[in-house]
Amino acid sequence: MDLAFSAEDIAFRDEVRAWIKATYPDEMRARVERSPNGHIAREDHVWWQKKLHERGWIAPNWPKEYGGAGFTPSQKYIFQAELAAANTPQIMPFGLTMVAPVIMKFGSPEQKAKYLPDILASNVWWCQGYSEPGSGSDLASLQMKAEDKGDHYLCNGSKIWTTLAQYADMIFCLVRTKSAPGKPQEGISFLLIDMKSPGITIRPLVTLDNAPEGSQEVNQVLFDDVKVPKGNLIGEEGKGWTYAKYLLEFERGNPYSGGLRKALARVRRIAEAEGDGAGRLADDPGFQARIAETEVAITALEFTELRIIGTLTAGQNMGATSSILKTRGTELQQQVQELALEAIGAYAVPFNVPAHGKGSNLTPIGPDYANVTAPSYFNGRKTSIYAGSNEIQRNIMAKLVLGL
Ligand SMILES: Cc1cc2nc3c(=O)[nH]c(=O)nc-3n(C[C@H](O)[C@H](O)[C@H](O)COP(=O)(O)OP(=O)(O)OC[C@H]3O[C@@H](n4cnc5c(N)ncnc54)[C@H](O)[C@@H]3O)c2cc1C
């Protein structure tokens, strides 16, 4: 396979680069760079997504008939790498890359017409209601109940670790519609629920990297006699497990190398500025060797991404190979964050987060890069857990990729 980009691809890369430069405001970039988890205010995310929508680029993975960008696989790759390299706000995946492919494949014509245009235009913010207290890796053991009440389901139970539920207008949930004996996967259904429904409570879960405001990330969502119209059921009752697994392939199959290269370049800059008392860290042969090893691993991942993404056409999912990207990508993210933490040295010690909270008048300790590195390191522990832990990904690869 030829992994070199064509002249058209290079021209496309230049076009994307120029558009980002002209469109992405410096103040927003500064806010992204100060955020320990990459999240900024809801309105900033929505503003950026609407800009991409205006340009026709918000949905690189959607088929053109639904308003997708119509990129070739290499354009898709270049586009995502350029966004990562410019450190643009994260495109929220819950609508665009998670529930939308499920609605396209399994939703009714009415559901497609109702939900897809608003997802494309970022008019509606979605969140993911899969995990429950006691049901994470063993997701099929989930207990949230949806009882058939004729024209609606009555939902009771709770979802946990729900990312940015506080911003969400809608939540897609796995619920138990039948508790028949047999495989726990049977009797699970896929429901779309309006977050304004009476009976829903959002309880924030405060984590180590939480700033006083602006970076609240995960929540518990409680459902107490919540009425959900029957029209909000995706596909067939009891087939939710099939739809849930289809969604997860999209959640996991992202390219990581562009962001990793940018993050490693930042570590190099810190190591050139910081020392350990005996000289610059950048001149330390042990540190240099670890940077070089990490760079080699990122290049290997980049080639794997090009190989996998190059075999796909618009709207296709990548199946179990998405577990390869998720596992290696997140392992390398953590490796780079560890190097960054080491590079900032003593600046990792102060709890600096309040100093860069919105509206704070506290003076941050040390240079700019010192403030966000330790919170980002702590926040980054999540990446090998969410979207299915890396241990679970290894089980999937062993079974479905290696056939063991
Ligand atoms: C920051 C963050 C955001 C998240 N956002 C969302 C969200 O928006 N929506 C949502 O639904 N969920 C979300 N999650 C939940 C996430 O999907 C679960 O945390 C994850 O699936 C692991 O489940 P658990 O936390 O219950 O851990 P457990 O399943 O209890 O696992 C504990 C440990 O045991 C290991 N383990 C478990 N089973 C096996 C096995 N069979 N083989 C080998 N090892 C195993 C796991 O790898 C892990 O190390 C989020 C999680 C985090 C941390």
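In listed order, ligands and their atoms are each counted from 1. For this chain, numbers begin at 1 and follow the sequence in order.
Annotation for ligand 1: atoms under 4.0 Å from non-hydrogen atoms of Ile385 are 19 (O), 20 (C), 22 (C). For ligand 1, the atoms lying closer than 4.0 Å to a non-hydrogen atom of Val218 are 1 (C), 2 (C), 3 (C). Atoms of ligand 1 found under 4.0 Å from any heavy atom of Ile392, numbered from 1 in the order shown, are 38 (N), 39 (C), 40 (C), 41 (N).
For atom 30 (O) of ligand 1, the nearest protein heavy atom lies 4.0 Å away or farther. For atom 35 (C) of ligand 1, the nearest protein heavy atom is 4.0 Å or more away.
Electrostatic pairing of Lys183 and Glu186 does not count as a salt bridge here, judged by no charged N lying under 4.0 Å from a carboxylate O. Under the 4.0 Å criterion applied to side-chain N and carboxylate O atoms, Glu132 and Lys145 are not assigned as salt-bridge partners.
Here the protein heavy atom with the shortest distance to atom 3 (C) of ligand 1 is Thr163 OG1, 3.3 Å. Ranking protein heavy atoms by distance to atom 52 (C) of ligand 1, first place goes to Tyr386 CB, 3.9 Å. For atom 50 (C) of ligand 1, the closest non-hydrogen atom on the protein side is Trp161 CB, 3.4 Å. When hydrogens are left out, the protein atom nearest atom 21 (O) of ligand 1 is Gly136 C, 3.7 Å; that is the closest non-hydrogen contact.
Here Tyr24 and Trp48 bring their ring centres to under 6.0 angstrom of each other. Between Phe106 and Tyr246, the ring center distance clears the sub-6.0 Å criterion. For Phe5 and Phe12, the ring centers sit 6.0 Å or farther from each other. With ring centers used as reference points, Tyr386 lies 6.0 Å or more from Trp161.
For ligand 1, none of its N or O atoms has an N or O atom of Asp138 under 3.5 Å away. Considering backbone and side-chain N/O atoms, Lys382 never comes within less than 3.5 Å of an N/O atom of ligand 1.
By the criterion of a heavy-atom distance under 4.0 Å, the backbone of Thr162, and not its side chain, is placed next to ligand 1. Only the side chain of Asn395 comes within 4.0 Å of ligand 1, judged by heavy-atom distances.
Around atom 37 (C) of ligand 1, the closest heavy atom drawn from Ser137, Ser131, Gly129 belongs to Ser137. Looking at Arg381, Met98, Gln128, Glu391 and measuring to atom 9 (N) of ligand 1, the nearest heavy atom belongs to Gln128. Between atom 46 (C) of ligand 1 and the options Cys127, Ala168, Ser389, the minimum heavy-atom separation is to Ser389.
Contact annotation: the side chain of Asp118 never approaches that of Leu116 to less than 4.5 Å [non-hydrogen atoms, C-beta and beyond]. Put simply, the side chain of Phe94 reaches to within 4.5 Å of the side chain of Thr163, judged on heavy atoms.
With respect to Val99, the side-chain contact (heavy atoms from CB on, under 4.5 Å) criterion is satisfied by exactly one of Tyr243, Trp126, Tyr115: Trp126.
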Name each donor-acceptor pair under 3.5 Å that joins a side chain in residues 193-201 to protein atoms two or more places apart or in another chain, with its distance.
residue	atom	partner	partner atom	Å
Asp194	OD1	Lys196	N	2.8
Ser197	OG	Asp194	O	2.5

